[in-house]
Amino acid sequence: MHIQDSRWSSASAIAPGGAVGAAVGGTRADGARTTPLRVDAQRNLEHVLRAAREVFGELGYGAPMEDVARRARVGVGTVYRRFPSKDVLVRRIAEEETARLTDQARAALGQEDEPWSALSRFLRTSVASGAGRLLPPQILRVGVADEAGAAADEARVPQQRSQPVGGELRLVPEQPAAGDDAGAAALLDVVGQLVERARAAGELRPDVSVSDVLLVIATAAPSLPDAAQQAAASARLLDILLEGLRSRPA
C-alpha cells in the first residue's frame, strides 16, 4: 500500500469563500447541478470516479491523471473537463471516503452496545471496504508528539486525553480547506467516541489514540492483485492488529 501526499493547491481546488472547486460542466461550487448531465457524460463521470478510486487506492494520491484516464478508458481531456485539476479530483475522492468511514463509525457506535465490539466492528467494516487506502493525507499525517503538538492535537480531537508517552504517534494538525476540515473533524469526533468508550471499559490499551486506529485502517487494507488473497491478508493482519490494541490484565 502506498499513501502519498498530493500537494493540494488551494488556488486550483478552492473557490472563493473556501468551498471546494467543483468539476466543470454544469456544476456549481456548492455541488448543486445547474443543468443535468447527458447520459453519456454521466456515464463517463462515473467511470472516471470509479477509476480514480482504484488507481489512487493502488498507487496513492501521487498517481498521475493519465493513469486514471487509462483505467476509465477515456481520454485524459475527458477527465480534465470534469475535474480541472488533479487536486479537485483528489479532494472529491478523499471527501467521499472520509464520509463513508464516518458513516461506518456512526453505525458501529449506534448498533453495538459493547465498547470493544463497536470499535472492532468499525475496524473490520472499514478495512473490508478498503476505505483506509483513500483516507485524506492530512488525516494520516503523524509524527512524534512534543508539547506543542500534543496541545494542538488535544484541541482538535477533544476526546483524546491520554497521557503523553515517549515516542507516541499523534495526529499532526494542518490547515486544510474548510470543507475538508469539516469532514475530517466529523470522522475524528466519532472515532474518538469509539476509542474513549473502549478505553473507559478497560478493553483498549490506554496509550492507543485516534491516530493509531486510523493507521490500523490504512495499514490493514493492502492492495493486492488477487481479490481473494487481498481479503484473506486484510483479515489476518487486522486480527493481529486488534490483539495489539486490546488491554491485557496486569
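Minimum interatomic distance between L89 and M65 (heavy atoms only, all atoms of both residues): CD2-SD, 3.6 Å. The nearest pair of heavy atoms linking L245 to L204 is O-CD1, 3.4 Å. For the residue pair L242 and W116, the shortest heavy atom distance occurs at O-CH2, 3.6 Å. Heavy-atom minimum distance, D212 versus D207: OD2-O, 3.6 Å. Considering every non-hydrogen atom in both T219 and L237, the closest pair reads O-CD2, 3.2 Å.
The closest side-chain heavy-atom distance from E97 to L135 is not below 4.5 Å. Residues V88 and R92 have side chains not in contact (no heavy-atom distance under 4.5 Å, counting atoms from C-beta outward). When side chains are defined from C-beta on, V127 does not count as touching F122, because their heavy atoms never get closer than 4.5 Å. The side-chain heavy atoms of V191 and L101, taken from C-beta on, include no pair separated by under 4.5 Å.
Using a cut-off of 4.0 Å between Lys/Arg side-chain N and Asp/Glu carboxylate O, R133 and E58 are scored as not salt-bridged. A salt bridge does not link R197 with D113: every distance from a Lys NZ or Arg NE/NH1/NH2 to an Asp or Glu carboxylate oxygen is 4.0 Å or more. R50 has no carboxylate O lying under 4.0 Å from a charged side-chain N of E46, or vice versa, which leaves the two without a salt bridge. The pair R70-D67 counts as a salt bridge, with a side-chain nitrogen and a carboxylate oxygen less than 4.0 angstrom apart.
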Give the intermediate values and the outcome of side chain to side chain contact (heavy atoms under 4.5 Å, CB included) for residues R246 and L119. CA-CA 11 Å; R246 295 201 75 163; L119 180 60; over 6 Å; no
So R121 and Q104, side chain to side chain donor-acceptor pair (under 3.5 Å) or not? Walk me through it. CA-CA 9 Å; R121 170 178 169 165; Q104 291 169 350; over 6 Å; no
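Put simply, the side chain of S129 gets close to the backbone of S126: a donor and an acceptor are under 3.5 Å apart.
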